[in-house]
Amino acid sequence: MSFESFLFVLTGGVVLGALYALMAAGLAVVWTTLGIFNFSHGAFVALGAYIGWQVGNVDGFALGHVLGLSATVLGMFALGILFQQMFIRPFERKENIVAATVITTLAGATVLQNGMLLIWGPRSKQISGIGEGSLNIGPLAFSWNEVALIVLVAFILGAVGWFLSRTRTGRSMRAVSQNRQAAELMGLNVPLLYALAFGLSAAMAGVAGYFVGSVRFINPTMGADPLMKALIVVIFGGIARFTSPIYAALIVGLVESFTTFYLGLYWAPAVLFAMMMIVLTIKPAGLFGTHQRTL
Amino acid sequence: MSAPLLEVRGLSGGYDPIQIFSQIDLTLSAGESIGFFGPNGHGKSTLMKTISGVLAPWTGEIVLEGQRLNRAGERGSRRWRNFNYDVVTRRRMDPKKVARAGLIHVPEGSLLFPEMTVAETMDVAPVAAAGRGKSADRLAQVHDLFPRLRERLDSKIRYLSGGERQMVAIACGLLGDPKLMILDEPTLGLSPKLRIELCQAIASIKAAGVPLILIDQDVNFLTELIDRLYLFDHGRISGVLEKADIPSHEKLMAMLFGEPAA
C-alpha cells in the first residue's frame, strides 16, 4: 500500500466517522433521555435528504444549499416531534415501553418510507455536491463536500454539547435522562423535554441524510446502512457522556475504511461486528461506557 | 377564615394492585408545620409520594390553597387503567403541576442527577418557581444555609456524601420557592455531625416561614419543629398529638409498641 492510498483511505475513514458520529449522537440523545432505541432513525436520514433535495436542489425548488439544509433541520425537528407524539408518547409511562417502541418505531419507519415513496416516487435522486474541486492539506486531499461535512458535523456536535451542558433547557434534558422522578418533583416538564430530545435527534439525522444524499443516491431505504453502523457505534462505544459516540464513530469509520480497502467491501460489516463482540466481551458497557445510561 | 394551606380528604392509594393506605384526612393551616411518625414500611413515604403526584391517588382529594391538585373522582376500572394509551386515559395527577403550585417534595434518599454537578442541578431547580420569582433571594438563602455546598459546586452529585446529597436535594426544593415542603426522613443514615448540621438548616427553613411536612424517626427532633404530630400505623392515621401533648421519644415508642421487657 502506497503512502498516497493510505492517506486516501484515512480521509475516507474520517469522513465516514464524522457521518456516523452525527447519526450515533442523534440516536444517543434519544436512547439516554427516553430509554428507547429509535428504529426509524434511518428513515429520518432519508426524509432529511428528501426535504433537502426538494428545497435546495435545481430539480426541486432550487433555493440552494443553505436554505435546503435549513429546511432539513427545521422540517426534521418538527417531524421528529410529531413522530414522537404519535408513536412513542402513548407508551411513555408503560413499563414495557422498550418492547412497545421497538414495534412502533419500526412501524413508523415503514410508514415514513412508504410516504416518501408516495411523495417522491421510486426514481433515485441526488443532492448536487456542495462545491467543486478539493482542499489539499499537505498530502491529504478532501473534496469540498467532505470539508463541509466535517466542519458542519464538528459544529453541530459542539453546539449540541454546548446546549446540553450550558443552557438551562439542555441541563433539564440531562436531568430528565438521569432521574425522571426527581426531575418531575422539581417541576420539570418531562413530556416537553422528551419531545425536544426527539426533535433534536431527528434534526441531526436529517443533516446526516443531507450529506449522505450528496454522495450517494437518495431512496427511502438509504438510511438502513448508516443506521446499522450508528447502532454499532452506540453499542461498541457505549454512552458515558455525549462525546463517547463521537470517538467510537471515528474508530468505526476508520476500521470500515481500512477493511474495505484491504479485505473488500463485504468484509467491513463482519470485521465491525467481530470488533464489537470482542469489545463487549471485555467491557460490556462499551469502550467508553459506564454502567449508567445518561446524557 | 382563609382557605387552609393543604387539605387532604379521604385519600387512599398504593402500588397497584396493593393498597398501602386508605381514608387519610389531614388539614394544614397557613404557617403550620406537621410531622409524621410511625414504623418503617407502613406507608408514610407512599402517602407523601401520592400527595406530590408521583403515584396516582386511588380516591380522595388533594387541595393546595383552594386549588385541587388531582382529577376528580375515583380511578377507573382495571380494564380502563390498563388501556395502553395514556393520551386517552389521562394522568390523575401531575407532579410537575404540584411542584409548580408550590408543594415541593424532597423524597427519602433521593439520588438526584448523579452525572450533573451541584451548580448545574441548582440551575435547573428554580423551574418550579417559574412565574413566582424571588429566585435570587432563594439562592442567597441556600448559600447561607448550606455553606458547605459552595465548595462543592463543581462536583458531580455522585461524588457527594449522603449528607451533602441530601443538602443539595433540600437546596433544590428551596430554590423552587415552596409554599409547603415535604421532607421525607431528611436525616436518615447521616453521621451525627452532619445530622446536627442538617437539623439546624431545617429549623432555619421553618424559621424563614416555609411550612413543613416532616417525616422522621426522632420525635425529639420533630417536636422542636412541628405544631402537630400524626402517628401513622398500618396505612392509617392512628392518632394526632398537639405539640404540647407530644411525649418524649421513649414514651412514644412505649405508647406505640408497649413497654420493653425488663
Side-chain angles (χ1 to χ4, degrees), chain A residues 28 32-33 84-97 99-101 103-104 162-195 239-244 288-295, chain B residues 16 48-49 52-56 82-91 93-107 109-117 119-132 156-158 165 168-169 172-173 175-178 182 184:
Chain A
T32 48
T33 44
Q84 186 260 350
Q85 294 293 315
M86 283 171 70
F87 293 99
I88 292 156
R89 175 87 193 264
F91 310 101
E92 220 169 75
R93 292 201 308 275
K94 297 293 169 195
E95 279 170 20
N96 61 353
I97 177 171
T101 51
I103 302 299
T104 55
W162 176 84
F163 168 74
L164 290 172
S165 61
R166 300 279 172 207
T167 66
R168 188 171 278 182
T169 311
R171 287 171 173 173
S172 305
M173 229 182 241
R174 281 165 60 214
V176 170
S177 78
Q178 293 174 30
N179 189 341
R180 178 180 172 148
Q181 193 187 86
E184 277 185 325
L185 283 174
M186 263 184 198
L188 293 178
N189 192 341
V190 176
L192 178 72
L193 291 166
Y194 277 178
I239 302 164
R241 51 183 64 84
F242 179 69
T243 46
S244 10
F288 307 102
T290 57
H291 61 285
Q292 177 127 20
R293 168 175 65 79
T294 176
L295 205 58
Chain B
D16 197 36
M48 294 308 143
K49 280 184 184 171
S52 61
V54 173
L55 298 171
N82 283 340
F83 190 54
N84 199 359
Y85 221 90
D86 290 342
V87 179
V88 178
T89 45
R90 281 178 50 212
R91 286 189 99 159
M93 204 168 163
D94 186 358
K96 171 193 71 193
K97 208 175 110 189
V98 177
R100 291 187 180 192
L103 172 52
I104 304 279
H105 178 188
V106 180
S110 174
L111 295 169
L112 285 169
F113 314 119
E115 298 296 325
M116 281 169 70
T117 65
E120 286 174 335
T121 308
M122 283 171 38
D123 176 51
V124 169
V127 72
R132 285 186 281 122
K156 280 188 179 178
I157 303 280
R158 70 182 166 118
R165 211 175 282 176
V168 178
C172 288
L175 290 172
D177 196 22
I182 300 176
D184 191 352

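Lettering follows sequence order; numbering is per chain, from 1. Since the structure is predicted, the reported quantities are computational estimates derived from the model, not experimental observations.
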pair B/M116-A/R171: side-chain heavy atoms closer than 4.5 Å
yes

Euclidean distance, B/R100 CZ relative to A/L188 CG, rounded to 0.5 Å:
7.5 Å

Pairwise side-chain contact, B/V54 with A/Q181, heavy-atom cut-off 4.5 Å (strictly under)
yes

Smallest heavy-atom separation, B/P126 atom then A/R168 atom, equals CG-NH2, 4.4 Å

So, taking the atom named CD in B/E115 and the one named OG1 in A/T32, what distance separates them when rounded to the nearest 0.5 Å?
11.5 Å

Can you tell if the side chain of A/L185 reaches within under 4.5 Å of the side chain of B/P107, non-hydrogen atoms only?
yes

Looking at side-chain heavy atoms only, is the closest gap between A/M186 and B/T121 below 4.5 Å?
yes

Would you give the length of the straight line joining atom CZ of A/R166 to atom CD of B/E120, rounded to the nearest 0.5 angstrom?
7.5 Å

Nearest heavy atoms of B/L112 and A/A182, plus distance in Å:
CA-CB, 4.4 Å

In terms of heavy-atom pairs under 4.5 Å with chain A, the winner among B/H105, B/K96, B/K49, B/K97 is B/K96

Minimum heavy-atom separation for A/G187 to B/A128, with atom names?
CA-CB, 4.5 Å

Please name all residues satisfying side-chain contact (heavy atoms from CB on, under 4.5 Å) with B/A119, sequence neighbours left out, ordered by chain then number.
B/T117, B/L153

